[in-house]
Amino acid sequence: MNRRGLIVAATLFALPALAHAAEQRKKGGGPSFIELTTLTATVTRANGSRGVMTVEVGIDVPDAALHARAAQSTPLLQSAYAEVLRIYAAGLPPGAPPNADYLELSLQRQTDATLGRPGARLLLGTILVN
């Protein structure tokens, strides 16, 4: 039996199945969830060197009309969130842990202001200082 021929045939049959499985993969959070790219900001570590704070953010928008507006406004939301995080990280004392409650309130205010009305709920994921 020709091994190369078998490997090529198996690969050709497997590729369409893998592509179809990747298309059907559902992202987490449900149909009303909008996942945004990870936010980053520069912080000062306890030893005085620079570090990076990363924050995972998403919004849950159950209202269909507001969900469509939020989906179209993701670049504006991303920019507003990045600015809030940058200002917060600049004022964070060296070596201090981030305050998730304060970040959540600040980012939720930006969500409501950017979308023009309340109804979208901000969801924080991992907050990591590296």
Side-chain angles (χ1 to χ4, degrees):
M1 185 186 311
N2 186 355
R3 286 186 185 180
R4 288 184 190 157
L6 183 61
I7 291 172
V8 170
T11 304
L12 291 176
F13 286 117
L15 287 177
L18 291 174
H20 183 67
E23 288 175 9
Q24 289 186 343
R25 187 178 307 145
K26 183 181 176 308
K27 69 177 189 177
S32 64
F33 181 71
I34 299 174
E35 184 177 354
L36 300 172
T37 58
T38 302
L39 304 171
T40 60
T42 304
V43 295
T44 305
R45 294 182 184 163
N47 64 1
S49 64
R50 300 283 181 188
V52 177
M53 177 189 301
T54 59
V55 180
E56 293 177 345
V57 179
I59 52 176
D60 185 36
V61 192
D63 179 27
L66 190 59
H67 187 275
R69 182 177 174 95
Q72 293 173 346
S73 301
T74 54
L76 294 173
L77 289 166
Q78 190 75 24
S79 176
Y81 294 163
E83 184 68 14
V84 167
L85 187 63
R86 185 188 63 77
I87 292 169
Y88 175 75
L92 196 63
N99 184 345
D101 293 331
Y102 178 80
L103 277 174
E104 190 271 329
L105 288 173
S106 299
L107 295 174
Q108 182 65 53
R109 277 193 209 113
Q110 283 300 318
T111 303
D112 295 341
T114 302
L115 296 179
R117 66 182 174 109
R121 182 176 174 130
L122 178 92
L123 303 170
L124 286 178
T126 305
I127 301 173
L128 178 70
V129 177
N130 198 6

Contact check, side chains of Val84 and Arg109, non-hydrogen atoms, under 4.5 Å | no

Smallest separation among heavy atoms of Pro118 and Leu66, with atom names = O-CD2, 3.9 Å

State, with a plain yes or no, whether a side-chain heavy atom of Asn99 is found less than 4.5 Å away from one of Tyr88.
-> yes

Within-4.5 Å side-chain heavy-atom neighbours: Met53 and Pro98 | yes

Give the C-alpha distance, both sets of side-chain angles, the deciding distance and a yes or no for side-chain contact (heavy atoms from CB on, under 4.5 Å) between Leu36 and Thr74.
-> CA-CA 7 Å; Leu36 300 172; Thr74 54; 3.7 Å; yes

Rounded to the nearest 0.5 Å, the CG atom of Asp60 sits from the CD atom of Glu35 at a distance of 12.5 Å

Would you please test Asp63 and Arg117 for salt bridge (charged side-chain N to carboxylate O under 4.0 Å, His left out) and show each step?
-> CA-CA 12 Å; Asp63 179 27; Arg117 66 182 174 109; 2.7 Å; yes

What distance do Leu103 atom CG and Leu105 atom CG have between them, rounded to the nearest 0.5 Å?
-> 9.5 Å

Nearest atoms (heavy-atom pairs only) where Arg50 meets Thr44 | NH1-OG1, 3.6 Å

For residues Tyr81 and Ile59, determine if any side-chain heavy atom of one lies less than 4.5 Å from a side-chain heavy atom of the other.
-> yes

Distance, nearest 0.5 Å, that separates CD of Glu56 from OG1 of Thr38 = 5.0 Å

Residues Pro97 and Leu92: closest non-hydrogen pair is O-CD1, 4.0 Å

Which pair of non-hydrogen atoms, one from Ala70 and one from Leu115, has the smallest distance, and what is that distance?
-> CA-CD2, 3.6 Å

Over all atoms of both residues, closest heavy-atom pair of Val43 and Ala89 = CG1-CB, 3.6 Å

Derivation of the side-chain contact (heavy atoms from CB on, under 4.5 Å) call for Leu122 and Val57 | CA-CA 7 Å; Leu122 178 92; Val57 179; 3.4 Å; yes

Taken to the nearest 0.5 Å, the spacing of Leu85 CG from Leu39 CG works out to 6.0 Å

Does CG belonging to Asn47 count more than 12 external heavy atoms closer than 6.0 Å?
-> yes

Intermediate values then yes/no, side-chain contact (heavy atoms from CB on, under 4.5 Å), Val129 and Val52 | CA-CA 6 Å; Val129 177; Val52 177; over 6 Å; no

Arg45 CZ: over 12 foreign heavy atoms closer than 6.0 Å = yes

Write down the atom of Ile127, the atom of Ala100, and the distance for their closest heavy-atom approach.
-> CD1-CB, 3.8 Å

Flag side-chain contact, heavy atom, 4.5 Å: Gln110 against Leu77 = no

Is there a chain of hydrophobic side chains (I, L, V, M, F, W, Y, each step under 4.5 Å between heavy atoms) that links Leu124 to Tyr102?
-> yes

